[in-house]
K.L.:
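Sharing a structure with you now.
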Amino acid sequence: MFALVDCNNFYVSCERVFNPALEGKKVVILSNNDGCIIARSEEVKPFVPMGAPVHQHLKMLQAQNVQVYSANFSLYGDMSRRVMGTLKRFTTKCEIYSVDEAFLQLEQTTQLKTELSQVQQCVKQWTGIPVSIGAAPTKALAKVANKIAKKFVPRTHGVYLIDNEEKRVKALRWMDIGAVWGVGRNLTRKLKELGVYDAYTFTQLSDAFIRKKFSVVMLRLKYELMGKSVLSLEALRYKKSITVTRSFEGTQKHYAYLEERITTFTVKASEKLRRQQSLCCTLYIFIRTNRFNTSQKQYARSMYVSLPFATDSSFALVIAS
DNA sequence: TCTGGGGTCCTAGGACCC
DNA sequence: TCTGGGGTCCTAGGACCC
């Protein structure tokens, strides 16, 4: 069985740990430059979409008396490590999937639900972060179970298992196709055109049809939703690419400024590289104008720099950049 | 006026080889 | 007038995720 442990409103929860007065209050967290809303407390979700530009919702935020915070990523990273560290005390079979999610691989026993409730309580007690847990025979189904755990908290208390055929079918019939893991906007549109509106209907399409109309990725998804596990736990993951990018505050017109920023980003990237004890042999540098500015001509340039030897040296990388 | 940042994987098509 | 077939590797672009 796979269990997906997902931190509730992670960034907001982190802020609440250090400022308990925010508990029960409406809170949003903003991206770099305070441009977008990247996290919302439960109370805010109904009226502010994820990723929304702040300036379009300022009045609403004020009217609803929402507490607005700039992101503190180093704090969130630290809290994430604490949560993951706690999970790893329960099992070594743990895949850190993102800053606020982890898959655990566990034996299917009659005690599983009780054990997962204990995990949930332990994480809350040790880190202050509330989590929801969904468990099922495959990763994709664990994702579905997690959605249910979160959606029906009064009944599930944040823990839900899909551990028999009846629950699996019921869950898939309930699940909107667009909410399934791996089905984004474009695939949703395509599937709905074919009359597929829920996850269960998707699993009724033939393998050949899925392979022909979509890709091997979607075929794997079908197997996963059918309860046949094809995605395994990836406990150790080294990043294959490391990125440092920023949007600038306003329009920049001086070459020297760009040069300084690129140097800074390159140094940051090489620090990340050394932290995971890797070397790199290619550098990619790109720049582009504000893509939301429709009144002026857009500009975008990029280039790859192949290094003569693999390195993690800030110096070598900055010279190359 | 103001719109984030960091990742993964797959596929089609071109270049090249025998 | 006729112009193969099969393979690999690389890259850009597109899809997705949180």
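In what follows, chains carry the letters A, B, and so on, assigned in the order in which the sequence lines appear, proteins first and then strands, with residues in each chain numbered from 1. Since the structure is predicted, the reported quantities are computational estimates derived from the model, not experimental observations.
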K.L.:
Tell me whether the OP1 or OP2 atom of B:dG4 has a side-chain N or O from A:Arg291 closer than 4.0 Å.
P.N.:
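For A:Arg291, the contact criterion (side-chain N or O under 4.0 Å from OP1 or OP2 of B:dG4) is met.
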K.L.:
Using a strict heavy-atom distance below 4.0 Å, which residues from residues 64-99 of chain A are in contact with DNA chain C?
P.N.:
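Result for residues 64-99 of chain A: A:Tyr97, A:Ser98, sorted by number.
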K.L.:
Starting at the 5' end of DNA chain B, which residue's closest nucleotide do you reach first, A:Arg211 or A:Thr243?
P.N.:
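Upstream on the strand: A:Thr243.
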K.L.:
Between A:Lys143 and A:Glu224, is there a side-chain N and carboxylate O pair less than 4.0 Å apart?
P.N.:
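Looking at A:Glu224 together with A:Lys143, the answer is no, because their closest N to O distance does not fall below 4.0 Å.
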K.L.:
Please give me the minimum heavy-atom distance between A:Thr156 and A:Ala149, naming the atom from each residue.
P.N.:
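That closest heavy-atom pairing would be OG1-O, 2.7 Å.
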K.L.:
Using a strict cut-off of less than 4.0 Å between a Lys/Arg side-chain nitrogen and an Asp/Glu carboxylate oxygen, indicate whether A:Asp207 and A:Arg211 qualify as a salt bridge.
P.N.:
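Not counted as a salt bridge, because no side-chain N and carboxylate O are separated by less than 4.0 Å.
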K.L.:
For the side chain of A:Arg246, starting at C-beta, report the closest nucleotide among B:dT3, B:dG6, B:dC10.
P.N.:
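Selected nucleotide (nearest to the side chain): B:dG6.
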K.L.:
For side chain to side chain contact (heavy atoms under 4.5 Å, CB included), just list the numbers for A:Lys139 and A:Phe103, CA-CA rounded to whole Å, side-chain angles, deciding distance to a tenth of an Å, and then say yes or no.
P.N.:
CA-CA 8 Å; A:Lys139 282 178 155 185; A:Phe103 285 104; 3.8 Å; yes
K.L.:
A:Leu219 CG to B:dC10 C1': how many Å, rounded?
P.N.:
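In whole Å, B:dC10 C1' lies 14 Å from A:Leu219 CG.
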K.L.:
Can A:Glu42 and A:Lys45 be said to form a salt bridge (charged side-chain N to carboxylate O under 4.0 Å, His left out), step by step?
P.N.:
CA-CA 5 Å; A:Glu42 215 56 53; A:Lys45 288 184 182 176; 3.7 Å; yes
K.L.:
So does A:Thr245 get a side-chain nitrogen or oxygen closer than 4.0 Å to the phosphate oxygens (OP1/OP2) of B:dG4?
P.N.:
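The answer is no; no side-chain N or O of A:Thr245 sits under 4.0 Å from OP1 or OP2.
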K.L.:
Students often get this wrong, so: under 4.0 angstrom with heavy atoms, is A:Leu58 touching a base, only sugar-phosphate, or nothing?
P.N.:
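Nothing, no nucleic acid heavy atom in range.
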K.L.:
Hey, are A:Glu193 and A:Lys190 close enough for a salt bridge, meaning a charged N less than 4.0 Å from a carboxylate O?
P.N.:
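No, A:Glu193 and A:Lys190 are not salt-bridged.
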K.L.:
For atom C1', what is the distance between B:dG4 and C:dC17, given to the nearest Å?
P.N.:
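That atom pair is separated by 15 Å.
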K.L.:
Please say whether more than 12 non-hydrogen atoms of neighbouring residues, nucleotides or ligands are located less than 6.0 Å from OH in A:Tyr255.
P.N.:
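Atom OH in A:Tyr255 is not packed in, count stays at 12 or less.
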K.L.:
For the pair made of CD1 in A:Ile29 and P in B:dT3, what is the distance, rounded to whole Å?
P.N.:
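For the pair A:Ile29 CD1 and B:dT3 P, the rounded distance is 19 Å.
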K.L.:
What is the distance, to the nearest angstrom, from the CZ atom on A:Phe103 to the C1' atom on B:dT8?
P.N.:
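Atom-to-atom, A:Phe103 to B:dT8, this comes out as 14 Å.
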K.L.:
Rounded to whole Å, please give me the gap between NE2 in A:His55 and P in B:dG4.
P.N.:
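These atoms are roughly 10 Å apart.
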K.L.:
Side-chain N or O of A:Asn32 less than 4.0 angstrom from OP1 or OP2 on B:dG5?
P.N.:
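So the side chain of A:Asn32 is within the cut-off, an N or O lying under 4.0 Å from OP1 or OP2 of B:dG5.
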K.L.:
A:Ser241 or A:Gly51: which one's nearest nucleotide on DNA chain B is closer to the 5' end?
P.N.:
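Result: A:Gly51.
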K.L.:
Applying a 4.0 Å non-hydrogen cut-off, can you work out what A:Asp34 is touching in the nucleic acid: base, sugar-phosphate, or nothing?
P.N.:
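Contact class for A:Asp34: none.
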K.L.:
Under 4.0 Å from OP1 or OP2 of B:dG7: is there any side-chain N or O of A:Arg237 that close?
P.N.:
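Answer no for this pair, as no side-chain N or O of A:Arg237 is under 4.0 Å from OP1 or OP2.
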K.L.:
Without decimals, in angstroms, what is the distance between A:Gln276 CD and B:dT8 C1'?
P.N.:
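A:Gln276 atom CD is separated from B:dT8 atom C1' by 14 Å.
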K.L.:
Among C:dA12, B:dT3, B:dG7, which nucleotide sits nearest the side chain of A:Phe292?
P.N.:
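Within the option list, the nearest is B:dT3.
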K.L.:
Near DNA chain C, counting only heavy atoms under 4.0 Å, which residues of residues 171-210 of chain A show up?
P.N.:
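Residues of residues 171-210 of chain A under 4.0 Å from DNA chain C: A:Val180, A:Trp181, A:Gly182, A:Val183, A:Gly184, A:Arg185, A:Asn186, A:Leu187.
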K.L.:
Does a nitrogen or oxygen in the side chain of A:Ser31 sit under 4.0 Å from OP1 or OP2 of B:dT3?
P.N.:
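Indeed not, no polar side-chain atom of A:Ser31 lies that close.
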K.L.:
Ignoring the backbone of A:Lys143, work out which of B:dT3, C:dC17, B:dG7 is nearest its side chain.
P.N.:
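So the nucleotide nearest the side chain must be C:dC17.
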K.L.:
Can you list the stems that include DNA chain C, where a stem is three or more consecutive Watson-Crick or G-U pairs with distances under 3.5 Å?
P.N.:
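Stems for DNA chain C, defined as runs of 3 or more consecutive pairs: B:5-18 with C:5-18.
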K.L.:
I'd like to know whether the aromatic ring centres of A:Phe2 and A:Trp181 sit less than 6.0 Å apart in this structure.
P.N.:
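Not close enough - the centres of the two rings lie 6.0 Å or further apart.
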K.L.:
Take A:Lys192 and A:Ile177 through the test side chain to side chain contact (heavy atoms under 4.5 Å, CB included) and record every step on the way to the result.
P.N.:
CA-CA 8 Å; A:Lys192 288 192 172 169; A:Ile177 190 65; 4.0 Å; yes
K.L.:
Just checking A:Arg220: base, sugar-phosphate only, or nothing, at a heavy-atom cut-off of under 4.0 Å?
P.N.:
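Sugar-phosphate, no base atom in range.
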K.L.:
Between the side chains of A:Asn146 and A:Ser132, does any donor sit under 3.5 Å from an acceptor?
P.N.:
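Per modelled atom types, A:Asn146 and A:Ser132 side chains form no pair under 3.5 Å.
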K.L.:
Round to a whole Å and report the spacing from OH of A:Tyr11 to P of B:dG6.
P.N.:
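Result: 11 Å.
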K.L.:
Ring centres under 6.0 Å, that's the criterion: do A:Phe248 and A:Tyr257 meet it?
P.N.:
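That pair passes the under 6.0 Å test.
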K.L.:
Look up atom CG in A:Leu191 and atom NZ in A:Lys213, then write down how far apart they are to the nearest 0.5 Å.
P.N.:
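Going from the CG atom of A:Leu191 to the NZ atom of A:Lys213 covers 11.0 Å.
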K.L.:
For the CD atom on A:Gln298, are there more than 12 heavy atoms of other groups (residues, nucleotides or ligands in this structure) within a distance under 6.0 Å?
P.N.:
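Enclosed: over 12 neighbouring heavy atoms sit under 6.0 Å from CD of A:Gln298.
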K.L.:
To the nearest Å, give me how far apart CZ (A:Phe286) and C1' (B:dG6) are.
P.N.:
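A:Phe286 atom CZ is separated from B:dG6 atom C1' by 10 Å.
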K.L.:
May I ask you to decide whether A:Glu43 forms a salt bridge with A:Lys25, counting only side-chain N to carboxylate O separations under 4.0 Å?
P.N.:
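Salt bridge absent between A:Glu43 and A:Lys25.
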K.L.:
Touch check for A:Asp100, heavy atoms < 4.0 angstrom, all strands: base, sugar-phosphate only, or nothing?
P.N.:
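Here A:Asp100 touches the backbone only, sparing every base.
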K.L.:
Just compare B:dT11, B:dT3, B:dT8 and give me whichever is closest to any side-chain atom of A:Lys240.
P.N.:
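So the nucleotide nearest the side chain must be B:dT8.
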K.L.:
Taking only N and O in the side chain of A:Ser215, is any of them less than 4.0 Å away from OP1 or OP2 of B:dC10?
P.N.:
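Checking A:Ser215 against B:dC10: no side-chain N or O falls below 4.0 Å of OP1 or OP2.
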K.L.:
A:Phe214 near the nucleic acid: base, sugar-phosphate alone, or nothing, with a heavy-atom cut-off under 4.0 Å?
P.N.:
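Nothing, no heavy atom under 4.0 Å.
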K.L.:
Can you measure A:Leu273 atom CG to B:dG7 atom P for me and round it to whole angstrom units?
P.N.:
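About 11 Å, once rounded to whole Å.
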